[in-house]
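For reference, the structure is listed below as structure tokens.
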Amino acid sequence: QVQVVESGGGLVQAGGSLRLSCAASGSIFGINAMAWYRQGPGNKRELVARITDDGRTNYADSVKGRCTISRDNAKNTAYLQMNSLKPADTAVYYCLARVLIRGMSSFDDYWGQGTQVTVSS
């Protein structure tokens, strides 16, 4: 089985910074990509940032220039450094790991439970 656990959320003031972590564990052969999504109240879940196994990244326009996604492949962990936070960034942030299970031939997506980020004005 695969577990995905996020951490690092909290309450910050506008303009502040936060670093989220996402750790995947289990019978993992490889992780093709990891991504951060978020869902605010009344909103649909949206992609924030994504990083592939070879380091390619992409970001939502709303966070581009303020957020940086990175990963430690040896630890199956991804990070999201968020700077210049705005109240609009308030949401539950979810981590997605696209995982190749040992002995399998295809990738599956696994979600974490989410971590709350609240930005006060």
Side-chain angles (χ1 to χ4, degrees):
Q1 57 181 338
V2 174
Q3 299 82 42
V4 178
V5 180
E6 305 100 331
S7 62
L11 174 64
V12 298
Q13 289 187 325
S17 297
L18 212 57
R19 192 191 194 207
L20 307 182
S21 298
C22 172
S25 61
S27 300
I28 299 172
F29 178 80
I31 300 180
N32 178 254
M34 301 185 77
W36 287 96
Y37 288 74
R38 67 185 182 187
Q39 185 169 14
N43 296 324
K44 295 181 178 180
R45 189 171 298 187
E46 63 178 358
L47 176 68
V48 178
R50 180 177 182 268
I51 186 167
T52 64
D53 57 351
D54 57 357
R56 290 172 292 172
T57 61
N58 60 279
Y59 299 90
D61 289 340
S62 59
V63 304
K64 196 173 185 67
R66 299 188 296 118
C67 294
T68 302
I69 188 170
S70 60
R71 65 184 293 175
D72 184 338
N73 290 341
K75 296 182 178 180
N76 292 327
T77 299
Y79 307 93
L80 183 67
Q81 178 67 45
M82 302 188 292
N83 302 318
S84 301
L85 285 165
K86 307 173 181 179
D89 295 320
T90 296
V92 178
Y93 284 70
Y94 299 91
C95 180
L96 171 69
R98 182 160 291 175
V99 176
L100 179 62
I101 304 297
R102 296 187 191 277
M104 301 297 180
S105 59
S106 62
F107 291 91
D108 287 310
D109 291 344
Y110 292 87
W111 291 91
Q113 292 296 311
T115 184
Q116 175 71 231
V117 171
T118 302
V119 184
S120 62
S121 59

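Position 1 is the first residue of the sequence, and the numbers go up from there.
No side-chain N or O of Gln81 forms a donor-acceptor pair with one of Thr68 less than 3.5 Å apart. In this model, no donor atom of one side chain and acceptor atom of the other lie less than 3.5 Å apart for Asn58 and Arg56.
Considering all non-hydrogen atoms of both residues, Gly10 and Leu18 come closest at N-CD2, 3.8 Å. Heavy-atom minimum distance, Ala78 versus Trp36: O-CZ2, 4.2 Å. The shortest non-hydrogen separation linking Ala91 to Gly40 is CB-N, 3.7 Å. Tyr59 and Ala49 make their closest contact through CD2-CB, 3.5 Å (heavy atoms, listed as atom of the first residue, atom of the second, distance).
Between Cys67 and Leu80 there is a side-chain heavy-atom pair separated by less than 4.5 Å. You'll find the side chain of Gln116 reaches within 4.5 Å of the side chain of Thr90, heavy atoms only. Side-chain contact check for Met82 versus Val12: every heavy-atom pair is 4.5 Å or farther apart. A 4.5 Å side-chain heavy-atom check between Glu46 and Lys44 finds every atom pair outside the cut-off. In this structure, the side chains of Asp108 and Val2 stay at 4.5 Å or more apart for every pair of heavy atoms.
Note that the NZ atom of Lys86 and the OG atom of Ser121 stand 14.0 Å from one another [nearest 0.5 Å]. In this structure, Ile51 CD1 and Cys22 SG are separated by 12.0 Å, a value rounded to the nearest 0.5 Å. Distance OG/Ser25 to NZ/Lys75: 14.0 Å, rounded to 0.5 Å. The line from CG of Leu20 to OG1 of Thr115 is 6.0 Å long, rounded to the nearest 0.5 Å. Atom CG of Asn83 sits about 9.0 Å away from atom CZ of Arg66, to the nearest 0.5 Å. To the nearest 0.5 Å, atoms CG (Asn32) and CG (Leu100) are separated by 9.0 Å.
A continuous path of ILVMFWY side-chain contacts below 4.5 Å connects Val117 to Ile69, so both sit in one hydrophobic cluster. Leu85 and Tyr94 end up in different hydrophobic clusters when Ile, Leu, Val, Met, Phe, Trp and Tyr side chains are linked at under 4.5 Å. Linking ILVMFWY residues whenever their side-chain heavy atoms come closer than 4.5 Å, directly or via other members, leaves Leu47 and Tyr93 in distinct clusters. Tyr110 and Met34 fall within a single hydrophobic cluster, where Ile, Leu, Val, Met, Phe, Trp and Tyr side chains are chained together by heavy-atom contacts under 4.5 Å. Hydrophobic clustering, with ILVMFWY side chains joined whenever heavy atoms are under 4.5 angstrom apart, keeps Leu96 apart from Val48.
With hydrogens and angles disregarded, no donor-acceptor distance shorter than 3.5 Å links the side chain of Arg102 to the backbone of Ser27. With hydrogens and angles disregarded, no donor-acceptor distance shorter than 3.5 Å links the side chain of Arg38 to the backbone of Val92. Proximity of a side-chain donor or acceptor of Tyr37 to a complementary backbone N or O of Trp111 within less than 3.5 Å is not detected. A distance-only check finds no donor-acceptor pair linking the side chain of Thr52 to the backbone of Ala33 [under 3.5 Å]. Counting only distance, with no hydrogens or angles, the side chain of Glu6 and the backbone of Gln113 share a donor-acceptor pair below 3.5 Å.
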